[in-house]
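Take a look at the structure below.
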Amino acid sequence: MIDFFFDTADIDYINGVWQKTKEQVNATHVRGITTNPNAFHKLSMHSLSSWEQHLPRLCETVSSIRNDGEGVVYVQAPNSNMTGREVLDFAKYIHTRNDGNTKLALKIPPFLPILKFVDQINEYMEVNVTGVSDCSTALCCFSYPVRYVSLIPGRMEEKGLDAKSHIDYTNQRKASRSSIFSSKERCQEIITGSMRTLEGLRWVSECGTVPTIGQ
């Protein structure tokens, strides 16, 4: 069975799916929830204050599914024009908006001025670099102490890119060197999102990535 993230901020949807599948799915395979500004906008949450109120509820949802304190909810830096310092300040501000059990972590864009702050951001929140669409950028991101790099094979294929080759090459090169997280007994992994078909979900799982599954 594969590990995966729910890719939505809709708690009712997550709970509905879980009630239908919990007899077949081991709860420890639910890594947690990954969100972005668009996921909140779909729920008419357009302000930071609305995010602050909703994030603890998302954490509670993961806690109730896993019941072990090991889950995570990813929240994204809300503006791609933010500086590295502004993203760090956001992490300092938002990281305590959880339920006291499931932790919050941070999604950032693959921009060097922000990646240079990852060491400092890690003091508050684990980091996932999101929206990556090629192996070169992915490997650059993995040279920093990030937990995940998120590739988007569904969108890559729509643009005519061989997404599987990019993911395979990233995995090979990443495996050829020691993980930055090895001293912390953590590994670095690829998250895959935007799959358009069940076949796409199957092959990204076979490639050893952690897929996100949305509505």
Which label fits Trp51 and Phe40: parallel for a plane angle under 30°, tilted from 30 to 60°, or perpendicular past 60°?
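It falls in the parallel class, under 30°.
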Roughly how far, to the nearest 0.5 Å, is the [atom2] atom of [Y] from the [atom1] atom of [X]?
X      : Y      : atom1 : atom2 : result
Phe6   : Thr34  : CZ    : OG1   : 13.0 Å
Tyr13  : Asp7   : OH    : CG    : 10.0 Å
Thr96  : Ile94  : OG1   : CD1   : 7.5 Å
Thr8   : Asn36  : OG1   : CG    : 9.5 Å
Leu48  : Phe90  : CG    : CZ    : 6.0 Å
Leu112 : Cys141 : CG    : SG    : 8.0 Å

Pair Cys59, Asn101 - check side chain to side chain contact (heavy atoms under 4.5 Å, CB included), show working.
CA-CA 8 Å; Cys59 291; Asn101 190 18; over 6 Å; no
What heavy-atom pair brings [X] and [Y] nearest, and what distance separates the two atoms?
X      : Y      : result
Val72  : Ala105 : CG2-CB, 3.5 Å
Met45  : His41  : O-CD2, 3.4 Å
Asp3   : His29  : OD1-ND1, 2.6 Å
Asp99  : Ser63  : OD2-OG, 2.7 Å
Asp168 : Cys207 : OD1-SG, 3.6 Å
Thr197 : Gly200 : OG1-N, 2.9 Å

Lys/Arg-Asp/Glu bridge criterion (N-O < 4.0 Å) met for Glu60, Arg57
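Judged by the 4.0 Å cut-off on N to carboxylate O distance, Glu60 and Arg57 do not form a salt bridge.
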Check this for me: does any side-chain nitrogen of one of Glu158 and Arg196 sit under 4.0 Å from a carboxylate oxygen of the other?
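Result for this pair is yes, salt bridge flagged.
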Should [X] and [Y] count as side-chain neighbours, where that means a heavy-atom distance under 4.5 Å?
X      : Y      : answer
Gln188 : Val149 : no
Asn98  : Leu55  : no
Thr170 : Phe142 : yes
Thr209 : Leu151 : no
Asn122 : Val127 : yes
Val118 : Ile108 : yes
Lys164 : Pro153 : no
Ile14  : Val17  : no

Could you tell me whether a side-chain N or O of [X] sits under 3.5 Å from a main-chain N or O of [Y], the two making a donor and an acceptor?
X      : Y      : answer
Ser50  : Ser47  : yes
Ser150 : Thr130 : no
Asn171 : Gly208 : no

Considering only residues two or more places apart or on different chains, which pairs with a residue in residues 94-129 satisfy ring-ring contact (aromatic ring centres under 6.0 Å, His included)?
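Residue pairs passing ring-ring contact (aromatic ring centres under 6.0 Å, His included), neighbours aside: His95-Tyr124.
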Just grab all the salt bridge (charged side-chain N to carboxylate O under 4.0 Å, His left out) pairs involving residues 75-97, residues at least two apart or on different chains.
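Every salt bridge (charged side-chain N to carboxylate O under 4.0 Å, His left out) pair that includes a residue of residues 75-97, provided the two are not neighbours, is Glu52-Arg97.
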Contacts of type side-chain contact (heavy atoms from CB on, under 4.5 Å), residue Ser133, not counting sequence neighbours
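Result, side-chain contact (heavy atoms from CB on, under 4.5 Å) vs Ser133: Ile152, Met156.
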Taking side-chain contact (heavy atoms from CB on, under 4.5 Å) as the definition, give me every residue that meets it alongside Thr28, ordered by chain and number, with sequence neighbours left out.
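Only Asn26, Arg66, Asp68 meet the side-chain contact (heavy atoms from CB on, under 4.5 Å) criterion with Thr28.
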Working for side chain to side chain contact (heavy atoms under 4.5 Å, CB included), residues Tyr74 and Glu126
CA-CA 9 Å; Tyr74 272 96; Glu126 219 171 53; 3.4 Å; yes
Report the C-alpha separation of Val30 and Phe4 in whole Å, then their side-chain angles, then the decisive distance to 0.1 Å, and conclude whether the side chain to side chain contact (heavy atoms under 4.5 Å, CB included) test is met.
CA-CA 5 Å; Val30 181; Phe4 66 94; 3.7 Å; yes
Only counting residues at least two apart or in another chain, list the ones meeting ring pair (Phe, Tyr, Trp, His ring centres under 6.0 Å) with His166.
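With neighbours one apart ignored, the set is empty.
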Report the C-alpha separation of Thr35 and His54 in whole Å, then their side-chain angles, then the decisive distance to 0.1 Å, and conclude whether the side chain to side chain contact (heavy atoms under 4.5 Å, CB included) test is met.
CA-CA 11 Å; Thr35 69; His54 197 62; over 6 Å; no
Salt bridge (Lys or Arg N to Asp or Glu O under 4.0 Å) against Glu189, all qualifying residues, sequence neighbours excluded:
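For Glu189 the salt bridge (Lys or Arg N to Asp or Glu O under 4.0 Å) partners, ignoring immediate neighbours, are Arg31, Arg147.
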Taking a hydrophobic cluster as the set of Ile, Leu, Val, Met, Phe, Trp and Tyr residues connected by side-chain heavy atoms closer than 4.5 Å, whether directly or through intermediates, do Ile65 and Ile2 fall within one such cluster?
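No.
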